[in-house]
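Keep in mind that this is a model prediction, so the values were computed, not measured. The residues of the chain are indexed from 1 along the displayed sequence. Just so you know, ligand 1 is whichever comes first in the structure, and atom 1 is the first atom listed for that ligand.
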Amino acid sequence: MQVIIAGSPGEVASLAADRIERLLARHKAAVLGLATGSTPIALYQELIARYHRNQLSFREVTTFNLDEYVGLAPEHPQSYRTFMQRQLFDRIDIDPRNTHIPNGQHCPTEEAAAYETRIRSLGGIDLQVLGLGRNGHIGFNEPCSSLHSRTRIKTLAEATVRDNSRFFEPGEFMPKLAITMGIATILEARQILLLATGSAKAEAVRTMVEGPLSASCPASALQQHPNTLVIVDSEAGSQLSQCEYHRRVKIETDRLMDAERSRP
Ligand SMILES: O=P(O)(O)OC[C@H]1O[C@](O)(CO)[C@@H](O)[C@@H]1O
C-alpha cells in the first residue's frame, strides 16, 4: 500500500486525476470502478475539467460503480445512478451504455450475480476508485463483512445511515439496504485508488493503513492488494504514525517521475 499525504483536498483530486489520465493514455478502453459519496466529487470535477481541455476522453471507457441503494429506482433523485449522471456521466463523452450501476429495483440476488458476471465478461476492473466510511467501510461493506465477500445485498450500519442521511430531505425515506461489490470483488481490480479527506476520516485511515488486517475495518483488506494507492489530505492523514516516511516516499517518487519525464 502506498500512501500519499497531499496538502489539500484539491491536491488529492488532482493526484487521483493524474493516475486516471495516465491509465487512459495507455489504455483508452479501460474499465474504471467508480464510487459515490462526497469525497470523489472533486476528482470528478477535475476529470470533467481535463475532458474540456481535451486532455482526456471517456469515449471508449467502461465504468462499474460500487453500489446502489436497494428499493430506489435509477431515476430517483437520491439514487447513486442519479448522483453519477449529475456528477460525471452527463458532463463527459462516455457512452451511457458503458456505465454500469446495480439496479436497486431488481431482485438483489439476481442483480448481484449478474453484476459479477458483467464485470468478468468485460475483462475485470483496471482501476477502482474508493472512498472510505468513517467506520472503515469500502463500498457498502460494513464492519464484519467477510473479506471474501462478493457482490451482494448488505444492511447499512447505523453510523452509515446517520452519515448519509445528509443527502436525504428530513422525513424522506432512506433505504437501509444496498447492493454492493464485495471485498473480494474490489480486491480483484488491477489497481486501487482510495481517497480520504477531512479529520473525520483520520481514525479510519490509520486503522486501514496501520491496523491489523481485520473484518472490523473492511478497508484494511486493501493491505493485501499489490497495487493500492491511498491519497489523503493532511487532516485525514493526521493520525498516521509514519507520516514522515509517507512524505519522503512522495518526494522520492516525484523526483523519479520528473527524471522519467525529462528523459529524451
Ligand atoms: O465520501 P463520503 O461522503 O465521506 O463517503 C464515504 C463512503 O460512504 C459511502 O458513500 C457509502 O456510505 C461510500 O460510497 C463512500 O466510500
Side chain, backbone, both or neither: K201 near ligand 1, heavy atoms under 4.0 Å: side chain
Region of R166 that comes within reach of ligand 1 [heavy atoms, distance under 4.0 Å]: side chain
Any donor-acceptor N or O pair under 3.5 Å, side chains S241, R206: no
Salt-bridge criterion met for K250 and D254 (N-O under 4.0 Å): yes
Numbering as shown, the atoms of ligand 1 that approach T39 to under 4.0 Å (heavy-atom distance): 1 (O), 2 (P), 4 (O)
Any Y80 heavy atom less than 4.0 Å to ligand 1: yes
Option nearest atom 16 (O) of ligand 1 (shortest heavy-atom distance, choices G131, S38, A200): G131
Derivation of the salt bridge (Lys or Arg N to Asp or Glu O under 4.0 Å) call for E46 and R50: CA-CA 6 Å; E46 183 62 30; R50 292 182 192 202; 2.8 Å; yes
Numbering as shown, the atoms of ligand 1 that approach T160 to under 4.0 Å (heavy-atom distance): 12 (O)
Atom pair CG (L122) and CZ (F64), whose distance is rounded to the nearest 0.5 Å: 4.5 Å
Candidates I138, I186, V230, N227 - the one meeting side chain to side chain contact (heavy atoms under 4.5 Å, CB included) with I192: I186
Donor-acceptor side-chain pairing of R152 and N141 below 3.5 angstrom: yes
Near-ring test Y69/F168, centroid separation under 6.0 angstrom: yes
Numbered atoms of ligand 1 (with element) below 4.0 Å of H137, judged on heavy atoms: 7 (C), 8 (O), 9 (C), 11 (C), 12 (O), 13 (C)
Atoms of ligand 1, numbered as shown, that sit under 4.0 Å from any heavy atom of F140: 11 (C), 12 (O)
Taking atom 6 (C) of ligand 1 as the reference point, the nearest protein heavy atom with its distance: L132 O, 3.4 Å
Residue and atom name of the nearest protein heavy atom (relative to atom 12 (O) of ligand 1), distance in Å to one decimal: N164 ND2, 2.9 Å
Per-atom contacts, ligand 1 versus T36 - under 4.0 Å to a heavy atom: 14 (O)
